[in-house]
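Step one of this worksheet: look at the structure below.
Every value quoted in this text rests on a predicted model; they were computed, and no experiment measured them.
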Amino acid sequence: MNRVDRRNQLSRELKDHGGEMPYEIFLAELKLKSNYDAFKHRFRGIFAAMAFRAIAYVDRTAVQPIIPESIRTVVKTELTCDTDADDSVHAHLRCFNLYQASKCFGMKHEHVLVQYFDELLKMAMHAFDNLPSRERKTWSVPRYIYGDNQSKPVVGSTHKVDYTIHFNHKSDTTYDTIHILVEAKSEASGTISDANFGQMADYAQSLWACQPTRLFVPVILIHGAQLSLVVFTRKGWHKVDLGSFAYTGKQQDSKSVGALSDAICKLLYLLALPPQNFGHFCDVTHRIWGDYEFAHKRDSPNHDQDSVLVDVNINTTSTDSSVNIHSRNRIERTINPLGRIAHMFKVKHRGKHAILKISWAPVDQLPESAVYDALKAAKIRDIPSVIDSGIIVGDSFGYRVEYMLIEDYGVPLNKYLQTFLGNDAKRPSNVAARVMHQAVKCIYGAQKVGILHRNITADSVVVKGGQARIIDWGYTKLVNDCAVDVDALAAKWHFNKNKVAGNEGNSAPIIGTPLYTSIPVLVGATQRSIADDVESVLYAFGVAECSELFTWLVDTFRKYIFVRNGEYIGYEMAINPEFERSVEIRQLERILEQIKERIQNEAKGQNASSNTTRPLGNISGRNTPLATTRPRDIMSDRNAPLATTRPLGNMSGRNAPLATTRPLGNMSGRNTPLATTRPLGNMSGRNTPLATTRPLGNISGRNTPLATTRPRNIMSGQNAPPATKHTLEEASSQAQPVETPGAGTSVTKRSRKAAVDKNTEPPRRSKRIQEKKKQNY
């Protein structure tokens, strides 16, 4: 998908999931409203001084605004209620006048907006450096690195973001060190166009994919003289208006100066926030890759038990409880623009290999860590062991962030089967059958205690040491007759069981990965059961080769899924969303027992070889050695050696050597060498060498040259030059039965005699033709 199509698709997917949000409500969501009020009151003199230094953006060009001295006096008078603020206006105006003059005047379009934004940030840093030391503690401005990328992509991506604000990671300005994105458009607009929205969503999507600490992605949109903050969350997006950061006319009054001062205050407050308060769940000021330590909090000061709530710190040195995270150890997972996501890494914990999973899920759905607790309590096998788990953030714009440290569970199903395909082409189907049995047995055991997976995919079935396990239990639903203590889970994992139950009932039709989702769910079924999970298992195993055992296995599960009382119900499921498919637990139990028995028998059969005749019947006969005459019946006979004459009958005979004449009948002589004449009849003479003339009959002589004499050795004969020129009459006369070698006159002599009788003499062959014939031999 090209860039334009990708952005159009993002715009369609996201545009309806958000809207306007007032600045105060946004701060309340971050629990920072009181801090903002104190910040605004204490440093408003700085913001007023910056407003006096602002530009006017008129006709897409930066010009010098006209602020009469009387207006300056009015603004300063309004600040006299706070002596310190009044002094700071004079002090900072003098400081700014000595700093540098604006370079924006005369510039146009987006370039002037980006240049002016850069000057504002540097002016704020200059004001911060001139604050007394006691004031710097109140305004702890992080030391960011700024980047202008209008003409070149950001390092590590293909995005030409107009302006980027990076963390101070040793002067590293790659895409994964970006804190805030800035996009400039020359025209002011109350609404965001689809093209501009898709562009910003594309930037945000890339940040979600490369930064595992994200809670939301902030994009500052400069549209004309207006400033807006566009926040992309896992639930949707919000547009927060900050106001005008430049004048829209040359002549100014006290109202316009005050409004611009407020806009600058709002902007600088957001930029002054540390990362753990603005967009991240931990402090990533100095590093985003390193040793992550997840420290559990106490439930209460007087309680010794650790809570599931954790604090995250990125250390410079490793400890026993920390795990090292780096982008090169990432396990690739799809990062969608909305909804659940998970970052997964291969790590080492106390010298052992493990998997770290950091996931985002709605707060009104069951935490995955709680599901693993329930599975462990129910003693469900075939799931990986959880070393540690916890909740990082309880609620960020409607989403919970949790982490799990899991034992190394091996590789996904498709990679495991591909390994067997590469090493031993005879084994993958039987391996797939055994793994499928284990997978279905696991989800069946979970269902017996009231736990329904609902998101079986090729990635959620993993294999280690030949043992299959089921992972990714984040979409789990607890069914009505659940044997799990839900109250205890809710108390430990901080969720409301009533809200979780209600939400999962409402969202059941849209849960799961569409590629593996069962047919009833895809058409909007309101009821889900283990039958839907078994159907998803079937789709997850689509990468496997099909042996007889695996074919039987797939067919057995297909009947369990789509057949009830001997009737096919697939059509009814597809057209009727209200159709409820019966679960048939007893039938599933019998299937699991049959699978187990057949796999055991298959394993025993592989260790034993048979030296007797293959039994009669309608069978395949593939890959089965035969010591005696093959029985006369309808069978394939592929790849089976034959010691004597092949029997008459309707059979394939492919790849089977023949010592004597091939029998008459309707059969395919493909790839079968013949020492004598090909028999008359309806057959295909493809790739079969002949010692004599091709016989008459309904045969296909494709790619087989016709000559008076075909050489007497086992070869294909494709594209071999003819020895003479044949006519229809000659072919007719030569198509008489002849004796086999050793039973009289040789084939070669008889052919030559026939040629003499016809008064035809073989033409002389040139050297080139003779050399070519040698090459064919």
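Relative orientation of the W360 and W208 rings is perpendicular, given thresholds of 30° and 60° on the angle between their planes. A tilted orientation is assigned to the rings of H159 and Y175, their planes being inclined by 30° to 60°. Using a 30° and 60° split on the angle between ring planes, Y36 and Y23 fall in the perpendicular class, above 60°. Ring pair Y269/F39 is tilted by interplanar angle, where 30° to 60° counts as tilted.
A heavy-atom distance below 4.5 Å is not found between the side chains of N8 and D194.
For the atom pair Y399 OH and L215 CG, the distance stands at 13.5 Å (nearest 0.5 Å). Atom CD of residue Q205 and atom CD of residue E13 lie 8.5 Å apart, to the nearest 0.5 angstrom. Separation of atoms CD1 (I443) and CG (L452) is listed at 8.5 Å; rounding is to 0.5 Å. Of the inter-residue distances, the one linking H280 atom NE2 with L273 atom CG reads 12.0 Å to the nearest 0.5 angstrom. We find the OG-CG distance between S322 and N315 to be 6.5 Å, quoted to the nearest 0.5 Å. Taking CG from D241 and CD from Q226, the interatomic distance works out to 7.5 Å, rounded to the nearest 0.5 Å.
Around NE2 of H353, the count of heavy atoms belonging to other residues, nucleotides or ligands within 6.0 Å does not exceed 12. Crowding of K346 atom NZ: a count of heavy atoms from other residues, nucleotides or ligands under 6.0 Å not exceeding 12. Annotation: K15, atom NZ; neighbour count of heavy atoms from other residues, nucleotides and ligands within 6.0 Å is above 12. Remark: H296 NE2 is packed, more than 12 non-hydrogen atoms of other residues, nucleotides or ligands lying under 6.0 Å away.
The minimum heavy-atom distance between G390 and W493, with the atom names listed, is CA-CZ3, 4.1 Å.
Between the side chain of Q211 and the backbone N or O of I178 there is at least one donor-acceptor pair closer than 3.5 Å. Side-chain atoms of D283 come within 3.5 Å of backbone atoms of T285 as a donor-acceptor pair (strictly under, hydrogens ignored). A donor-acceptor pair is defined here as one N or O able to donate and one able to accept, closer than 3.5 Å; such a pair exists between the side chain of E402 and the backbone of E368. Judged by distance alone, with hydrogens and angles left aside, the side-chain atoms of S536 form a donor-acceptor pair with the main-chain N or O of Y516 at under 3.5 Å. Checked by atom type and distance alone, the side chain of N496 pairs as donor or acceptor with a backbone atom of N498 at under 3.5 Å. Not a single donor-acceptor pair under 3.5 Å links the side chain of Q150 to the backbone N or O of D162. A donor-acceptor pair under 3.5 Å links the side-chain atoms of R234 to the main chain of G339, judged by distance alone. Between the K492 side chain and the V308 main chain, no donor and acceptor come within less than 3.5 Å of each other. Under a 3.5 Å cut-off, the side chain of Y416 and the backbone N or O of A468 do not form any donor-acceptor pair. Checking side-chain atoms of H453 against main-chain N and O of D472 turns up a donor-acceptor pair under 3.5 Å.
Within the 6.0 Å centre-distance limit, the rings of W237 and F197 are counted as a close aromatic pair. If you look at F232 and Y203, their ring centroids are not closer than 6.0 Å.
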Could you walk me through whether T457 and D459 pass the side chain to side chain donor-acceptor pair (under 3.5 Å) test, one step at a time?
CA-CA 5 Å; T457 68; D459 288 329; 4.9 Å; no
Evaluate the side-chain contact (heavy atoms from CB on, under 4.5 Å) criterion for residues S11 and L14: first the C-alpha distance (whole Å), next the side-chain angles of each, then the deciding distance (0.1 Å), finally the verdict.
CA-CA 5 Å; S11 181; L14 294 177; over 6 Å; no
For D118 and D148: C-alpha separation, side-chain torsions, deciding distance, then whether side-chain contact (heavy atoms from CB on, under 4.5 Å) applies.
CA-CA 9 Å; D118 180 72; D148 184 344; over 6 Å; no
Do K185 and E187 pass the salt bridge (charged side-chain N to carboxylate O under 4.0 Å, His left out) test, and can you show the C-alpha distance, the side-chain angles, and the key distance before you say yes or no?
CA-CA 6 Å; K185 303 299 176 185; E187 292 185 0; over 6 Å; no
Could you please spell out the steps behind the salt bridge (charged side-chain N to carboxylate O under 4.0 Å, His left out) verdict for R454 and D532?
CA-CA 8 Å; R454 299 196 301 174; D532 297 291; over 6 Å; no
List the steps, then state whether salt bridge (charged side-chain N to carboxylate O under 4.0 Å, His left out) holds for D262 with K266.
CA-CA 6 Å; D262 287 343; K266 292 178 181 178; over 6 Å; no
Could you walk me through whether D364 and K499 pass the salt bridge (charged side-chain N to carboxylate O under 4.0 Å, His left out) test, one step at a time?
CA-CA 6 Å; D364 52 3; K499 288 185 177 180; over 6 Å; no
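Only one option out of H17, R214, E29, H238 pairs with T233 in a side chain to side chain contact (heavy atoms under 4.5 Å, CB included); it is H238.
Using a 3.5 Å distance cut-off with no hydrogens or angles, the side chains of T173 and H166 do not pair a donor with an acceptor. Side-chain atoms of T164 and N149 include a donor-acceptor pair closer than 3.5 Å.
Of the charged side-chain nitrogens involved, at least one lies within less than 4.0 Å of a carboxylate oxygen, so that R6 and D202 count as a salt-bridged pair.
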